[in-house]
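To start, the structure under review is shown below, and the notes come after it.
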Amino acid sequence: MEAEGRAPGPTLPPAGGRGLEHLAGVPGATPTPLLTASAEVLEFDDEEDDLEVFSKDTSLAEANSFSPSMPISPSSMINQYKFEDEPELKDLFITVDDPESHITAIETFITYRVVTKTSRGEFDSCEYEVRRRYQDFLWLKSKLEEAHPTLIIPPLPEKFVMKGMVERFSDEFIETRRKALHKFLNRIADHPTLTFNEDFKIFLTAQAWELSSHKKQGPGLLSRMGQTVRAVASSVRGGVKNRPEMFTEMNDYMETFSHKINVLDKIAHRIYKEEREYFNEMKEYGPIYTLWSASEEDIADSLKGVASCIDKCCKATEKRMAGLSENLLPVIHEYVLYSEILMGVLKRRDQIQSELDSKVDALANKKADKDLFSEEIGKLEDKVECANNALKADWDRWKQNMQYDMRSAFTKVSDNNLRYYEEFYRSRSAILICVCGFF
Amino acid sequence: METRGVDQKPLRDAVPGRMDAPEVTLANSREAGAGSQHLTPDGPPCPEQAGLPGAPRPVPCGRARCACRSGLSACAQRGAEPLIAMESAEAEPSESRPEEDGAVPASDLPLPEQPAATMEDCLAKKMEITVSEAEKRTGRNAMNMQETYTAYLIETRAVESQNEGQCSPVDSLWRRYSEFELLRNYLLVTYPHIVVPPLPEKRADFVWHKLSADNMDPDFVERRRIGLENFLLRVASHPVLCQDKIFYSFLTQEGGWKEMVNETGFQLKADSRLKALNATFRVKNPDKRFTELKHYSDELQSVISHLLRVRARVADRLYGVYKVHGNYGRVFSEWSAIEKEMGDGLQSAGHHMDVYAASIDDILEEEEHYADQLKEYLFYAEALRAVCRKHELMQYDLEMAAQDLTSKKQQCEELATGTVRTFSLKGMTSKLFGQETPEQREAKIKVLEEQIQEGEEQLKSKNLEGRDFVKSAWADIERFKEQKNHDLKEALISYAVMQISMCKKGIQVWTNAKECFGKM
């Protein structure tokens, strides 16, 4: 499970008898489920817990520079810490596995088994098993984006991977995709708001025909696409003139981050490639020593020792490559996709803002219908405020996760490399003893 | 074939046990020992050797690895190595063996062992030799065209005077690669039974992409300098080669050396390639050990060159792995600029990635030394083969001579008895055109008998030569084997040590990096 240290959904199911509570002092918080949930609230049973976690968390609160209107509730950060230690508070467990090929007259596609285990009350049962295909995941993502335009929806694996020239249905491709889909669903499950999304629930629980019929309702993919198009257009038009400083900073950050993460992606892949080529050459290297030992007498044993040592090194290299491929490549790639998503989210926020701005401008020009406009503007102002807050909170959460993920991934890679060199060292020391012994 | 009757009296006069004349150069003794190469002695002559034909054969030594080749042959145990040549030469020559055997008192003496004495006499112990510098020069070549070449500074200094507390002067002179080649060719021709140390490669081979294949590249020149020094040291520590006068002059005499070498006329003595090739294919009964050795040297050459090729590729790939990590450094640095909490960790981790990437340069440079050590033995394989080829050539010569002798004897017999045993053109012609007169026949028989006499003596000497060669060559081969095993083991050990240090560096870097990542 990927719950450790992540920003999980802190709100607990009603089944446990706990309800939601607003944290005092959160300005602009309106009692919509959207915002409440995103405020990352937790009800504490004990005062003791309160104190403990407060003291733990001052560093985070200080370090965070994005703290304008909404004081970053230490508890929201704390929750992440707390849940790091108490994974059993997580109440939704999802796995994606067992890819299967389905062949019809028209097409061939893969379905994945999605198993959900939950203790939440709103779920009729505590265990579900359904089969979903990539299209279904796409649908889910679009529904989530629609419902929460300024929340950071986790990325889906790409439709095709062109650069690797990986065949659409190769085992490697399917496995990579499966892992990414698994991550996708778990990230949603861990998200304080998204986890309660209705479409998400249906995705996890509905049988195939139920899902099909549900999909047909509501605005389709096209309308969402239209949304993003408008968003892009509006930001091009300059819907950013009233953009709060914080979001400009976010934008700048994302531009640089996006660039860097893409470069990192290339580097990581390149390293993998070089390691693989190194491995391929090493495979040929060891046997030559063995061949040589056949012509020799005195030094035959030493040569054989070197050969076996090189073989061990080969195996160690394989492990190193596997480690890279498991721990680093998927993480970096996910964040490459994330950077695109974040840029999109920022644009959508801008678009919502520009709606407000244009109405304000219109009001300034048209003196008539002032009242009507005022009401509309009021609503829009609320909308903007909500969007901003939602994004802000999610952004902080995202940054926290990113930091954790990067730290974890690079640490694992370092561990991998350490293991590699340690093994290498062991086998070389062995050969040294071996060769010296025969001296 | 020149007749060698006059010079051929070595072994009957062999006096075992005399230890004098350590300074005898092989060239001298060979000359007296009547090889197929007739060399002008160019150093201090063997004291016993009065230089007069017919003088009692000077065989000073009974030492195992005596510089004096004839001594070796005298010392060598007879009967230990069956003379295959003799056997294949069909009877006649071998009949004279017992006679020879009886005449040589040395034959039954075991080989006295005194290798230590030889080593102390080696030039390497008496003289410090270094190739200390390399310099680019331009000059005019034989065709008066401008050329650029590299000259190497050879410095020598006598060791003994150092022990006396005096700082002895350093002699130095400049030589270029082609002169080294000339020296080596001279040694090859002059000492065909010795596995002559190889020169470093003329052009860079087995390079991986970072190394330049350019002869003028400073790294290549540096490695070649070391290789040339190694060559000189090897020759100087060889019990036989170190005593060669031409070699000594190479080290000490700047001017006129080339002329001196050419005056030895060694180029004329070199066996033609064609002749050698012919012999290889046609020889019937070479010493099995040489055949095995040839196979071994083929295998060695093939396996080492394969090894070097793959090693170069592995080095290339390893270089790639390390260097790509260097890219992390820059990206991390740029990324850290936009991060608040992660910044420091990223930045310092990036620095360690740079260190990691840079560390490969030293590692691979050290590995080049290992590759060079292997390369030396790759080229040594060629030297081994040369000795085998020489044996085959001599053996073939012997076989041809024996065959010739046999056919002459047969002819003689036929003439004498008037019967034609085998088909011969002469026989047919005489049948067709009538018999010769008895006088003619007599004359012919006489000529043949003389030729047979000569032929027998020649065969005898060739046999001896062959045996001598086999013995002395095999002695050097044994020496070489020991050297090879020792050197290669050392090379493998140093390779393992290198790799261990590479691991240690890797562990250190990644431990540091991990710490930095942890701070992100």
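Keep in mind that what you see is a predicted model, and the values were worked out from it rather than measured. Proteins get letters first, then strands, A, B, ... in listed order; numbering begins at 1 in each.
- Using a 4.5 Å cut-off between heavy atoms, B/I304 contacts chain A through its side chain alone, with no backbone atom that close.
- Considering all non-hydrogen atoms of both residues, B/L492 and A/L303 come closest at CD1-CD2, 3.8 Å.
- With a threshold of 4.5 angstrom between heavy atoms, B/V497 approaches chain A through its backbone and through its side chain.
- Between chain B and the options A/T256, A/I299, A/N416, heavy-atom pairs under 4.5 Å are most frequent for A/I299.
- Ring-centre distance between A/F410 and B/F332: below the 6.0 Å cut-off.
- Within the model, atoms CE of A/M406 and CE of B/M342 stand 6.5 Å from one another, a figure rounded to the nearest 0.5 Å.
- Residue B/D344 qualifies as open at atom CG: its count of foreign heavy atoms under 6.0 Å is 12 or below.
- Residues B/V303 and A/S295 have side chains not in contact (no heavy-atom distance under 4.5 Å, counting atoms from C-beta outward).
- Taking A/Y289, A/Y420, A/F424, A/Y272 one by one and counting their heavy-atom pairs under 4.5 Å with chain B, the maximum is reached by A/Y289.
- Annotation: A/Y425, atom OH; neighbour count of heavy atoms from other residues, nucleotides and ligands within 6.0 Å does not exceed 12.
- When B/A315, B/S501, B/G518, B/A513 are compared by the number of non-hydrogen pairs under 4.5 Å with chain A, B/G518 comes out ahead.
- Heavy atoms only, all atoms of each residue included: B/V324 and A/R270 are closest at CG1-CG, 3.7 Å.
- In this structure, OG1 in B/T511 is found 7.0 Å from CD in A/E422, a value given to the nearest 0.5 Å.
- Between B/Y328 and A/I271, the closest side-chain pair of non-hydrogen atoms falls below 4.5 Å.
- In this structure, chain A has heavy atoms under 4.5 Å from both the backbone and the side chain of B/I338.
- Minimum interatomic distance between B/V310 and A/E281 (heavy atoms only, all atoms of both residues): CG1-O, 3.9 Å.
- A salt bridge between A/E284 and B/R313 is present, with a side-chain N of the basic residue lying under 4.0 Å from a carboxylate O of the acidic one.
- We find the CZ-SG distance between A/R407 and B/C516 to be 13.5 Å, quoted to the nearest 0.5 Å.
- Surrounding CZ of B/R234 are more than 12 heavy atoms belonging to other residues, nucleotides or ligands, all under 6.0 Å away.
- Atom CG in A/L418 sits 11.5 Å away from atom SG in B/C503 (nearest 0.5 Å).
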message = side chain to side chain contact (heavy atoms under 4.5 Å, CB included) for A/R419 and B/W510? Distances and angles first, verdict last.
response = CA-CA 10 Å; A/R419 255 194 303 271; B/W510 284 103; over 6 Å; no
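- Taking the six-membered ring for Trp and thresholds of 30 and 60 degrees, B/Y495 and A/Y285 have ring planes more than 60 degrees apart, a perpendicular arrangement.
- Atom CZ of B/R317 sits about 9.0 Å away from atom CG of A/N280, to the nearest 0.5 Å.
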Stepwise side chain to side chain contact (heavy atoms under 4.5 Å, CB included) test for A/Y421 and B/V509:
CA-CA 11 Å; A/Y421 279 112; B/V509 162; over 6 Å; no
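- Annotation: maximal heavy-atom pairing with chain A below 4.5 Å, among B/L300, B/L346, B/L307, occurs at B/L307.
- Only the side chain of A/R320 comes within contact range of chain B, with heavy atoms under 4.5 Å apart.
- Considering only heavy atoms from C-beta on, A/W292 comes within 4.5 Å of B/L488 through its side chain.
- Residue B/E365 places its CD atom among 12 or fewer non-hydrogen atoms of other residues, nucleotides or ligands, all under 6.0 Å distant.
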message: Does A/K399 form a salt bridge (Lys or Arg N to Asp or Glu O under 4.0 Å) with B/E339? I'd like the steps, not just the answer.
response: CA-CA 10 Å; A/K399 278 217 75 184; B/E339 295 291 345; 3.2 Å; yes
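- Between the side chain of A/R428 and the backbone N or O of B/Q499, no donor-acceptor pair lies under 3.5 Å.
- Taking OG from A/S414 and NZ from B/K514, the interatomic distance works out to 7.5 Å, rounded to the nearest 0.5 Å.
- Using a 4.5 Å cut-off between heavy atoms, A/F257 touches chain B through backbone and side chain atoms alike.
- Of the residues considered (A/V413, A/I261, A/V263, A/L264), A/L264 shows the highest number of contacts with chain B, using heavy-atom pairs under 4.5 Å.
- The existence of a salt bridge linking B/K484 and A/E296 is confirmed by a sub-4.0 Å separation between a basic side-chain nitrogen and an acidic carboxylate oxygen.
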